[in-house]
Amino acid sequence: MLMQFGSLLRNVAEKSRVILVTGNQSADMDSVVSAIAYSTLSSKSLVLPLINIPKQDFDLRRDIVHVMKHSDINEKDLIFLDDIENCWDQLAKVKVDLVLVDHNKPQGDVVKNLMEELGARVVGIIDHHEDEKLFTEASPRIIQKSGSCVSLVLNHFKEQVAQIDSKLAKLFLSPLLIDTSGLKHRVEQVDRDALELLLPKLQADDAFLQTWTDELNAAKQNVEGLSLRDLLRKDYKEYRTVGISSMVVSLDYLSRFNLLAGLDSWIKERNLDIAIIMTSYNDKKFHREIIFRGDPAKIRSLLDQIQEPLGLEPLEKYPFSFEQRDPINSRKQVAPLVDKWLDSQGL
Ligand SMILES: [Mn+2]
């Protein structure tokens with residue numbers, strides 16, 4: 001089953017209704033595949049996935065590129081932010097609405113413009129982040145703890161999942177494996193239920209699950225040839241004037257680049273008050289580090305609020321660099337604290 005979302009978008013008839021299903025700005029495996037899953041499983045005709053990044057940033061996500069190669073979906077047929085801008089006049093002639101997956105508060109200027117200029121409403125939400133209590137009329141509105149957002153999507157469309165082929169099942173399984181480290185961590189009942197839906201489609205044994213997890217992780221960890229700017233863009237989310245890049249390498253690895261100068265240009269490029277890098281890596285144990293760059297007074301004020309709750313121990317490596325005492329807090333936990341600080345500053 002070949003899916004050509006891009007050409008469907010370009011050929012949309014006047015006065016019809018298009019629902020764009022968009023994941024979060026990190027455009028990680030979970031966001032991208034959740035959007036594709038929602039679109040393909042929804043029985044309505046013009047429900048299309050929107051990948052919430054510019055097209056040129058897609059190749060940085062090597063795990064997703066790898067998964068796409070094994071699927072019936074061609075990278076060229078995905079819809080990116082550039083495509084929305086290119087089709088803007090056409091979209092203005094149709095009714096556009098939004099479904100948010102893997103986040104529950106719209107992210108980025110293009111989505112904001114769709115709402116403000118084209119009157120797009122958020123008509124559905126399926127997510128596993130903290131509930132921002134917005135769009136309470138949306139239907140479905142499912143916000144629930146899960147290892148992977150795609151599990152919530154699959155459970156919502158249970159009957160349709162029964163109809164999919166093995167290639168789609170492999171695609172839908174991929175975020176589940178990445179987000180739960182091969183079904184070993186953060187697995188909730190809804191993830192187990194999703195797996196139960198997919199396994200009959202895959203005729204997969206345990207060895208397959210392990211091999212596919214290893215392949216995906218290897219692709220995700222492969223940062224060979226990436227510049228500092230690539231790494232900053234690869235898994236990036238912006239919270240008003242604070243940008244947080246998650247990376248699968250250590251600060252030591254980053255010392256091969258001119259890190260502080262690189263962060264300064266990134267701050268200029270993105271127009272930020274503070275740029276944050278969160279690293280995670282394994283040597284003998286699992287580590288998470290964090291570095292802040294930007295206006296020192298603002299960084300100190302932010303640290304006043306978050307250093308203790310996050311258990312940040314100062315490192316010598318760089319100014320405002322830290323290691324987490326217990327490496328449990330990812331960006332999912334850090335972002336709400338940053339948001340709270342932004343609120344307190346009126347930023
Ligand atoms: Mn997710």
Side-chain angles (χ1 to χ4, degrees), residues 20-41 49-53 57-58 60-68 78 98-108 111 122 124-132 134-135 138 140-157 171-195 197-198 213 216-217 219-221 234-239 244-248 278 280 288 328-336 338-339:
L20 294 171
V21 185
T22 177
N24 72 49
Q25 263 185 328
S26 75
D28 65 357
M29 176 87 79
D30 194 26
S31 271
V32 171
V33 175
S34 291
I36 294 173
Y38 193 108
S39 304
T40 52
L41 295 171
L50 165 61
I51 317 299
N52 205 346
I53 46 169
D57 289 1
F58 190 66
L60 301 173
R61 290 148 176 87
R62 292 174 171 169
D63 50 341
I64 313 180
V65 171
H66 184 76
V67 163
M68 286 300 155
L78 290 173
L98 293 161
V99 168
L100 309 182
V101 290
D102 205 19
H103 66 313
N104 61 80
K105 183 182 184 179
Q107 293 179 0
V111 172
V122 174
I125 295 175
I126 299 187
D127 183 29
H128 62 156
H129 291 79
E130 200 175 277
D131 190 347
E132 311 253 9
L134 301 169
F135 314 109
R141 191 180 190 286
I142 301 166
I143 301 177
Q144 190 189 321
K145 196 172 175 201
S146 67
S148 197
C149 177
V150 80
S151 302
L152 300 172
V153 175
L154 295 173
N155 278 288
H156 178 67
F157 290 109
L171 175 66
F172 295 170
L173 173 73
S174 301
L176 192 48
L177 295 180
I178 284 268
D179 288 342
T180 62
S181 317
L183 307 166
K184 291 188 185 75
H185 300 288
R186 298 179 297 272
V187 182
E188 302 289 332
Q189 187 56 44
V190 67
D191 300 303
R192 286 188 206 98
D193 293 344
L195 190 66
L197 297 173
L198 295 177
T213 304
L216 295 176
N217 274 324
K220 188 177 177 178
Q221 309 283 331
K234 186 171 144 65
D235 185 352
Y236 178 68
K237 282 189 193 170
E238 226 163 67
Y239 308 88
I244 309 182
S245 304
S246 296
M247 296 187 192
V248 290
M278 297 187 67
S280 60
R288 283 186 187 278
I328 43 173
N329 298 301
S330 70
R331 188 171 52 199
K332 215 183 242 115
Q333 286 73 41
V334 173
V338 167
D339 241 346

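Every value quoted in this text rests on a predicted model; they were computed, and no experiment measured them. For ligands, and for the atoms within them, numbers begin at 1 and follow the listed sequence.
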### Query
D30: which N/O/S atom is nearest the Mn ion (ligand 1)?
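Nearest to the Mn ion (ligand 1) within D30's N, O and S set: OD2.
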
### For the Mn ion (ligand 1): the N/O/S atom of D102 at shortest distance
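Of all N, O or S atoms in D102, the Mn ion (ligand 1) lies closest to OD1.
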
### Message
Quiz question: by atom type and distance under 3.5 Å, do the side chains of H103 and N52 form a donor-acceptor pair?
### Response
no

### D30 side chain to S148 side chain, donor-acceptor N/O pair below 3.5 angstrom
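Side chains of D30 and S148: pair found under 3.5 Å.
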
### Query
Between D28 and K237, is the closest basic N to carboxylate O distance under 4.0 Å?
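Result for this pair is no, no salt bridge flagged.
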
#### Entry: R141 and D131: CA distance, side-chain angles, deciding distance, salt bridge (Lys or Arg N to Asp or Glu O under 4.0 Å) verdict
CA-CA 10 Å; R141 191 180 190 286; D131 190 347; 2.8 Å; yes

### Query
Would you say C149 has an N, O or S atom lying under 2.8 Å from the Mn ion (ligand 1)?
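It does not; every qualifying atom lies at 2.8 Å or beyond.
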
